[in-house]
Amino acid sequence: MSGFPLAGLLRLRGIQERAAAERLSRAQIAARQTEARERRTRAALADGGEQAVDVRTMAALAASRAASRAQLSELSALASEQDAALGEARREHSDAKRQARGLEKLEVAHLQRERARELQAEQAALDEIATGRWKRGAA
């Protein structure tokens, strides 16, 4: 039985698929982390439990809220970028998976053809043996 002629390419596609899956996983983790940070920041902004008793405290609270809003804005922009990166990672993984599956199907078809050839050769040899015995028995 001869080896699959595209075995090297199949291994390469498998490596590419695993790398794309890793990138997808990292993108999903980063997106979840950013989402969690954004939720925490929104919760901190919604919590208005501190009361300003003097001008300095009020200024500090205002500065804190402004910084939180700026951070929230940056997190929203980061989340948008990560969503785009996540979509791209999903497409890359899907493409790599599709290419690997196509080659795997070719390999299965190749193995089936090789097995059929082997069985055919074995059957021909058995037929030859049976025919030789029959001719010797008839003579």
Thinking salt bridges, do E88 and R91 make one under a 4.0 Å N-O criterion? yes

For the backbone of S64 and the side chain of S68, can you confirm whether one donor and one acceptor N or O come within less than 3.5 Å of each other? yes

With sequence neighbours excluded, what pairs up with E104 under the side chain to side chain contact (heavy atoms under 4.5 Å, CB included) test? L10, R101

Contact between L24 and R90 at the side-chain level, heavy atoms closer than 4.5 Å - yes or no? yes

R42: side-chain hydrogen bond (donor to acceptor under 3.5 Å, both in side chains) partners, not counting sequence neighbours: E38

What's the separation between atom CD in E17 and atom OG in S94, rounded to the nearest 0.5 Å? 10.0 Å

Under 4.5 Å between side-chain heavy atoms, counting indirect links through other Ile/Leu/Val/Met/Phe/Trp/Tyr residues: same cluster for F4 and V108 or not? no

Side chains of residues 78-85: which donor-acceptor partners sit under 3.5 Å, not counting sequence neighbours?
unit_1: S80; atom_1: OG; unit_2: S76; atom_2: O; d: 3.2
unit_1: Q82; atom_1: OE1; unit_2: T34; atom_2: OG1; d: 2.5
unit_1: Q82; atom_1: NE2; unit_2: T34; atom_2: OG1; d: 3.2

Give the C-alpha distance, both sets of side-chain angles, the deciding distance and a yes or no for side-chain contact (heavy atoms from CB on, under 4.5 Å) between H93 and R23. CA-CA 8 Å; H93 181 248; R23 285 190 298 275; over 6 Å; no

Would you give the length of the straight line joining atom OG1 of T41 to atom CG of L75, rounded to the nearest 0.5 angstrom? 5.0 Å

Suppose we screen for side-chain hydrogen bond (donor to acceptor under 3.5 Å, both in side chains). Which residues come up paired with R37, at least two apart in sequence or across chains? none

Heavy atoms from other residues, nucleotides or ligands near CZ of R26 exceed 12 (cutoff 6.0 Å): no

By side chain to side chain contact (heavy atoms under 4.5 Å, CB included), which residues pair with Q33, not counting sequence neighbours? I29

To check you understand the geometry: which heavy-atom pair defines the closest contact between A31 and L86, and what is its length? CB-CD2, 4.4 Å

CG/L119 to CD/E114 distance, rounded to the nearest 0.5 angstrom? 11.5 Å

Say you draw a straight line from CG of L9 to CG of L106; how long is it, rounded to the nearest 0.5 Å? 9.5 Å

Cut-off 3.5 Å, side chains only: do Q16 and R13 have a donor facing an acceptor? yes

Could you tell me whether the side chains of D127 and Q123 share a donor-acceptor contact shorter than 3.5 Å? yes

side-chain hydrogen bond (donor to acceptor under 3.5 Å, both in side chains) against Q71, all qualifying residues, sequence neighbours excluded: none

R69 side, atom CZ; L72 side, atom CG - distance, nearest 0.5 Å: 9.5 Å

